[in-house]
2 protein chains.
Amino acid sequence: MRAHGTEGGVAQAVFRRFNALRPLPDEDAAALEHAILEGLLRAGPGEDLITEGDPVDSVRIVLSGWLFRHKTLEDGRRQIVNFILPGETCDAHAYLLSTLDHSITTATPVAYAEIKRARFEQLMAAHHALAEAFMCETLLNNAIQREWIVNLGRRSAFERVAHLFCEIFERLRPVGLIDGNSCSLPVTQTDLADATGLSVVHANRTIQELRASGLIVLKDRTLTIGDLEALKNAAMYSPGYLRLYRAK
Amino acid sequence: MRAHGTEGGVAQAVFRRFNALRPLPDEDAAALEHAILEGLLRAGPGEDLITEGDPVDSVRIVLSGWLFRHKTLEDGRRQIVNFILPGETCDAHAYLLSTLDHSITTATPVAYAEIKRARFEQLMAAHHALAEAFMCETLLNNAIQREWIVNLGRRSAFERVAHLFCEIFERLRPVGLIDGNSCSLPVTQTDLADATGLSVVHANRTIQELRASGLIVLKDRTLTIGDLEALKNAAMYSPGYLRLYRAK
DNA sequence: CGTCCGCTTTAACATAAGCTAATGGGCGGC
DNA sequence: GCCGCCCATTAGCTTATGTTAAAGCGGACG
């Protein structure tokens with residue numbers, strides 16, 4: 001399994017992430033941890049956590065495993081709209097709009113915590129820094145989605161896939177899920193195609209191209225990036241939008 | 001929400017919009033109106049309100065006019081990431097992340113209100129419903145951006161442009177800016193191309209196609225949609241993500 | 001009252017990416 | 001140990017969209 005570095009309980013990824021995004025006072029962190037421990041759940045791979053149009057009345061925080069948000073057109077065309085990585089929150093505040101406009105499906109086995117709306121709101125009211133941190137989580141998610149729009153609208157297939165790999169790598173870094181220059185990439189090429197707006201065939205061609213140019217190794221669901229700067233250049237990746245600074 | 005938005009105050013669009021999205025108690029509406037009136041500003045067309053990387057320390061609410069959010073790659077490729085229409089908020093809470101990850105530029109003359117961070121936070125603290133309403137504003141913006149990702153990733157040029165037109169029409173409706181089956185569309189075809197991830201030439205071809213199929217008339221910056229249902233079908237538009245219900 | 005300029009439109013050609021289909025490889029079930 | 005299934009890969013062909021270039025068009029302005 002993954003070597004998680006320092007000991008830190010099931011919610012370690014969550015706190016590493018908040019630490020990189022917006023550090024929490026001890027007291028607030030403790031309150032959140034408490035709430036998380038109350039609502040631990042698990043899901044297998046390929047499970048729908050929530051489906052487009054479903055009512056939302058809780059907040060889910062991912063402790064381990066990958067999920068993705070996606071929407072599907074009537075005729076079956078599917079677009080993955082974001083990945084949800086360990087430490088990230090599925091739908092902070094989403095209950096305010098009653099229903100979700102997209103579906104969330106697990107890519108791997110997932111451990112997560114479910115906090116009911118009332119409990120969550122009580123927590124936010126009592127802990128201002130926590131409320132701000134979750135707000136930041138939502139804003140960051142927003143920023144990532146904007147970058148995806150740029151990716152789909154203005155980057156070539158090659159750049160798109162390269163960009164996605166850079167982003168995932170940088171998002172896994174603060175939660176301690178990269179190992180040297182490698183990280184796990186537990187999704188199929190079909191998923192990558194649906195995330196980059198490409199056909200599976202072309203996604204595969206593009207990955208071959210990335211391999212051929214020596215920028216990546218992708219084998220056994222493990223991504224290795226020899227020269228991250230080179231990959232970022234190839235992707236026209238401009239740092240900053242992720243705002244995950246204080247990471248160690 | 002009695003007097004606010006019903007008569008022609010400057011902030012009418014704002015209150016109509018909140019009324020459709022998440023109605024405000026009179027008291028909260030009054031407090032917001034007060035804050036808006038304190039910070040009235042204007043900008044000409046083609047002005048950058050804020051540029052990628054700039055620090056943010058206020059919230060801007062658009063009273064009239066169009067703007068767009070955009071990001072530009074090093075080599076000049078530009079992607080419009082969203083339009084900001086009358087009644088919408090530029091960057092609620094964005095100050096939490098210190099700087100903005102994209103630029104905001106006016107497409108037309110714009111009237112807006114600027115509320116300083118401290119003032120805004122004080123307002124949110126004192127008026128819970130207002131805080132929730134702005135939260136909804138952010139969430140809705142998020143939902144729109146997800147739909148744009150689907151648009152760019154999985155819809156054809158024809159569907160994309162059709163979809164954008166449907167969305168704009170539906171977003172203008174609750175603020176009272178549609179007139180029968182027409183609305184203003186004060187942007188160039190270059191802008192439409194940058195919003196749909198197309199080249200200008202192809203955007204133009206696509207608009208011709210939409211005209212030829214009788215779905216739209218676009219002339220003098222005015223968009224007319226003869227049969228909105230037909231256009232929605234052509235666009236594979238699925239309602240719901242906008243959540244602008246209670247509109248009259 | 002002509003010229004410049006920004007925007008739209010058209011044309012001709014180039015190419016990135018889609019589609020269909022077939023093959024191969026690994027792995028679990030029987 | 002063989003079968004079937006999911007996933008990755010390759011090939012061959014089609015097409016949607018990009019690119020470059022040039023022309024039309026109306027308004028602003030001197």
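Fair warning: this is a prediction, and the values are worked out from it, not measured in the lab. Residue numbering restarts at 1 for every chain, and letters A, B, ... go by the order of the sequence lines.
Of the candidates C:dT20, D:dT17, C:dT8, D:dT17 carries the atom nearest the B:Leu198 side chain, counting heavy atoms from C-beta on. Of the listed nucleotides (C:dG18, D:dC7, D:dT9), D:dT9 has the atom at the smallest distance from the side chain of A:Arg211. Each of D:dT10, D:dG18, C:dT9 was ranked by its minimum atom distance to the side chain of B:Gln189; first place goes to C:dT9. Here D:dT9 is the nucleotide among D:dT19, D:dT9, C:dA17 with the atom lying nearest to any side-chain atom of A:Gln208. Of the candidate nucleotides D:dT10, C:dG18, D:dA8, C:dG18 has the atom lying nearest to any side-chain atom of A:His202. Which of D:dC7, C:dT8, C:dA17 sits closest to the side chain of A:Ala157 comes down to C:dA17.
Rounded to a whole Å, the CG atom of A:Asp220 is 11 Å from the P atom of D:dA8. Rounded to an integer number of Å, the gap from CG of B:Leu192 to C1' of C:dT9 is 15 Å. The nearest whole Å value for the distance from the CZ atom in B:Arg154 to the C1' atom in C:dG18 is 10 Å. One interatomic measurement links the two molecules: CZ of B:Arg78 to C1' of D:dG18, which rounds to 18 Å at whole-angstrom precision. The CZ-P distance, from B:Arg155 to D:dA16, rounds to 18 Å in whole Å. Per the geometry, CD belonging to B:Glu209 stands 13 Å off C1' belonging to D:dT15, to the nearest Å. In this structure, A:Arg205 places its CZ atom 8 Å from P of C:dG18, rounding to the nearest Å. Across the protein-nucleic acid pair, B:Asp191 atom CG and C:dG6 atom P stand 14 Å apart, rounded to whole Å.
Positionally, the nearest nucleotide of DNA chain D for A:Thr188 lies more toward the 5' end than for the other of A:Gly153 and A:Thr188. Residue A:Val200 is the one, among B:Arg160 and A:Val200, whose nearest nucleotide of DNA chain D lies closer to the 5' end (criterion: closest heavy atom).
At least one side-chain nitrogen or oxygen of B:Arg221 sits closer than 4.0 Å to the OP1 or OP2 atom of C:dT8. A:Asn204 has a side-chain polar atom (N or O) that falls below the 4.0 Å cut-off from OP1 or OP2 of D:dT9.
Residue A:Gly197 is in sugar-phosphate contact alone, with no base atom involved, counting any heavy-atom pair closer than 4.0 Å across all strands shown. When heavy atoms are screened at a 4.0 angstrom cut-off, A:Thr206 is found touching no nucleic acid atom at all. Contacts of B:Val201 with the nucleic acid, taken as non-hydrogen atoms under 4.0 Å apart, include base atoms.
Between A:Asn141 and A:Arg69, some side-chain heavy-atom pair lies under the 4.5 Å cut-off.
The shortest non-hydrogen separation linking B:Ala193 to B:Ala203 is CB-CB, 3.7 Å.
Within the 3.5 Å criterion, the main-chain N or O of B:Asp48 finds no donor-acceptor partner in the side chain of B:Thr105. A distance-only check finds a donor-acceptor pair linking the side chain of B:Gln79 to the backbone of B:Asp194 [under 3.5 Å].
Taking the ring axis of A:Tyr241 as reference, the NZ or CZ atom of B:Lys71 stays within 45° of it and closer than 6.0 Å to the ring centre.
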- Message: Between A:Phe169 and A:Leu228, is the side chain to side chain contact (heavy atoms under 4.5 Å, CB included) condition met? List the steps.
- Response: CA-CA 9 Å; A:Phe169 199 78; A:Leu228 183 57; 3.9 Å; yes
